[in-house]
Chemist: 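Can you read through this structure? Questions will come right after.
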Amino acid sequence: MEAPQAAGQDRDYKFIAKAVDEAYRAVECGVGRRSGLSSSAVTKRLSAANLVLKNTDPSAHAEVTAIREACKKLGKINLSDCEIYASCEPCPMCFGLIRLSKIKKVVYGAKAEIASAAGFNDTIPDAFMEIRQAEGEAARIAEEVFEKSKDKFQME
C-alpha cells in the first residue's frame with residue numbers, strides 16, 4: 001500500500017505539471033506570462049492561463065480566470081469543494097479571491113521570488129499606494145448601504 005504522503009506528492013506533481021504545461025502553452029501562444037493554473041473543481045478539471053496581456057485586464061491572472069470559470073461551470077460562488085494547483089505562488093489579489101471563494105486547498109510550484117527574479121514584477125508588491133477610509137459623511141453613507149441591505153442579500 002502506498003504511503004499517504006507519497007500519494008499526495010504524486011497528486012501534487014500531476015496537477016502542478018498540468019499547470020506548468022498550461023503556462024508554457026500560454027507563453028507559446030502569446031496570451032500569458034508566468035503562471036498557468038490547473039483547478040480541480042470537484043472532479044471536473046479546469047485549466048486556465050494568465051490572460052492579463054490577451055484581455056488587457058490586470059486582474060486576469062490564471063487563478064482568477066480559473067475561479068471565474070469554475071463558478072460559471074458549477075453555478076455557484078462557494079468553491080469549498082475545489083482545489084487550486086498553480087505553477088507559481090498566487091499574488092495577494094489571487095489569495096484574496098481564493099479565500100472569498102472558500103477554496104479548500106492551494107498548492108503552488110514556484111515561490112513568487114523566483115518569478116520576480118525572472119522579471120515578473122506582478123507577483124510581489126513593490127510599491128505602496130495610499131489607502132485610507134473616507135471620513136465624515138462619505139464614510140457614513142458608504143457604511144449605511146450595508147446596514148440597509150443586509151437582509152436583502154445572502155451569500156453562500
Side-chain angles (χ1 to χ4, degrees), residues 7-27 29 31-112 115-116 120-134 138-156:
Q9 288 176 352
D10 288 347
R11 179 178 167 81
D12 290 354
Y13 181 85
K14 175 184 172 184
F15 287 111
I16 293 296
K18 184 174 172 74
V20 168
D21 286 345
E22 184 73 34
Y24 278 125
R25 207 171 15 263
V27 170
C29 294
V31 300
R33 293 192 304 191
R34 71 167 172 86
S35 71
L37 174 134
S38 176
S39 172
S40 172
V42 192
T43 55
K44 300 165 185 76
R45 306 274 191 259
L46 301 171
S47 292
N50 183 321
L51 300 176
V52 170
L53 298 176
K54 180 181 181 190
N55 294 355
T56 318
D57 177 357
S59 72
H61 293 195
E63 297 87 343
V64 173
T65 304
I67 290 169
R68 287 174 181 161
E69 290 301 313
C71 288
K72 274 192 246 179
K73 185 171 188 171
L74 299 172
K76 61 183 184 174
I77 60 172
N78 180 335
L79 301 178
S80 59
D81 53 352
C82 299
E83 301 171 348
I84 279 192
Y85 290 83
S87 60
C88 186
E89 181 179 7
C91 74
M93 174 189 69
C94 292
F95 270 126
L97 182 57
I98 289 164
R99 184 172 178 170
L100 286 173
S101 62
K102 298 177 174 52
I103 289 173
K104 66 178 180 177
K105 179 174 149 183
V106 177
V107 179
Y108 63 88
K111 294 284 288 171
S116 183
F120 298 100
N121 61 3
D122 60 341
T123 58
I124 300 172
D126 57 358
F128 292 92
M129 63 192 88
E130 178 183 355
I131 300 175
R132 64 177 179 79
Q133 182 181 14
R140 188 194 66 71
I141 63 169
E143 291 169 356
E144 192 175 74
V145 72
F146 293 99
E147 185 61 35
K148 287 182 174 180
S149 62
K150 68 182 176 186
D151 296 332
K152 296 184 184 341
F153 301 100
Q154 291 186 358
M155 299 295 287
E156 287 183 38

Chemist: Working to the nearest 0.5 angstrom, can you tell me the gap between Asn55 CG and Thr65 OG1?
Modeler: 7.0 Å

Chemist: Check whether any side-chain heavy atom of Lys18 lies under 4.5 Å from a side-chain heavy atom of Asp21, and answer yes or no.
Modeler: no

Chemist: Mind checking the NZ-SG spacing from Lys76 to Cys82? Nearest 0.5 Å is all I need.
Modeler: 6.0 Å

Chemist: Less than 4.5 Å apart, side chain to side chain, heavy atoms only: is that true for Val106 and Pro90?
Modeler: yes

Chemist: How far apart are the closest heavy atoms of Ala19 and Ala86, and which atoms are they?
Modeler: CB-C, 4.1 Å

Chemist: Quick one: list whatever passes side chain to side chain contact (heavy atoms under 4.5 Å, CB included) with Ser80, sequence neighbours left out.
Modeler: Asn78, Lys102

Chemist: With sequence neighbours left out, write down each residue that passes salt bridge (Lys or Arg N to Asp or Glu O under 4.0 Å) with Arg140, or none if nothing qualifies.
Modeler: Glu137, Glu144

Chemist: Quick one: does Ile67's side chain get under 4.5 Å of Ile103's, heavy atoms only?
Modeler: yes

Chemist: Can you see whether Tyr85 engages Lys14 through a side-chain donor-acceptor pair at a distance of less than 3.5 angstrom?
Modeler: no

Chemist: With side chains defined as the heavy atoms from C-beta onward, is the minimum distance between Val64 and Met93 less than 4.5 Å?
Modeler: yes

Chemist: At their closest point, which heavy atom of Cys71 faces which heavy atom of Ile77, and how far apart are they?
Modeler: SG-CA, 3.9 Å

Chemist: Indicate yes or no: at least one non-hydrogen side-chain atom of Ile84 is less than 4.5 angstrom from one of Val107.
Modeler: no

Chemist: With a sphere of 6.0 Å drawn around CZ of Phe95, does it hold more than 12 non-hydrogen atoms of other residues, nucleotides or ligands?
Modeler: yes

Chemist: Closer than 4.0 angstrom, basic N to acidic O: yes or no for Lys148 and Glu143?
Modeler: no

Chemist: Glu69: what forms a salt bridge (Lys or Arg N to Asp or Glu O under 4.0 Å) with it, not counting sequence neighbours?
Modeler: Lys72

Chemist: Who passes salt bridge (Lys or Arg N to Asp or Glu O under 4.0 Å) against Asp57, sequence neighbours left out?
Modeler: Arg68

Chemist: Please report the shortest heavy-atom distance between Val145 and Ser149, naming the atom on each side.
Modeler: O-OG, 2.6 Å

Chemist: Show your reasoning for whether side chain to side chain contact (heavy atoms under 4.5 Å, CB included) applies to Leu97 and Glu63.
Modeler: CA-CA 8 Å; Leu97 182 57; Glu63 297 87 343; over 6 Å; no

Chemist: Drop me the distance from Cys88's SG to Tyr108's OH, to the nearest 0.5 angstrom.
Modeler: 9.0 Å

Chemist: Which value, rounded to the nearest 0.5 Å, describes the distance between Lys105 atom NZ and Asp12 atom CG?
Modeler: 5.5 Å

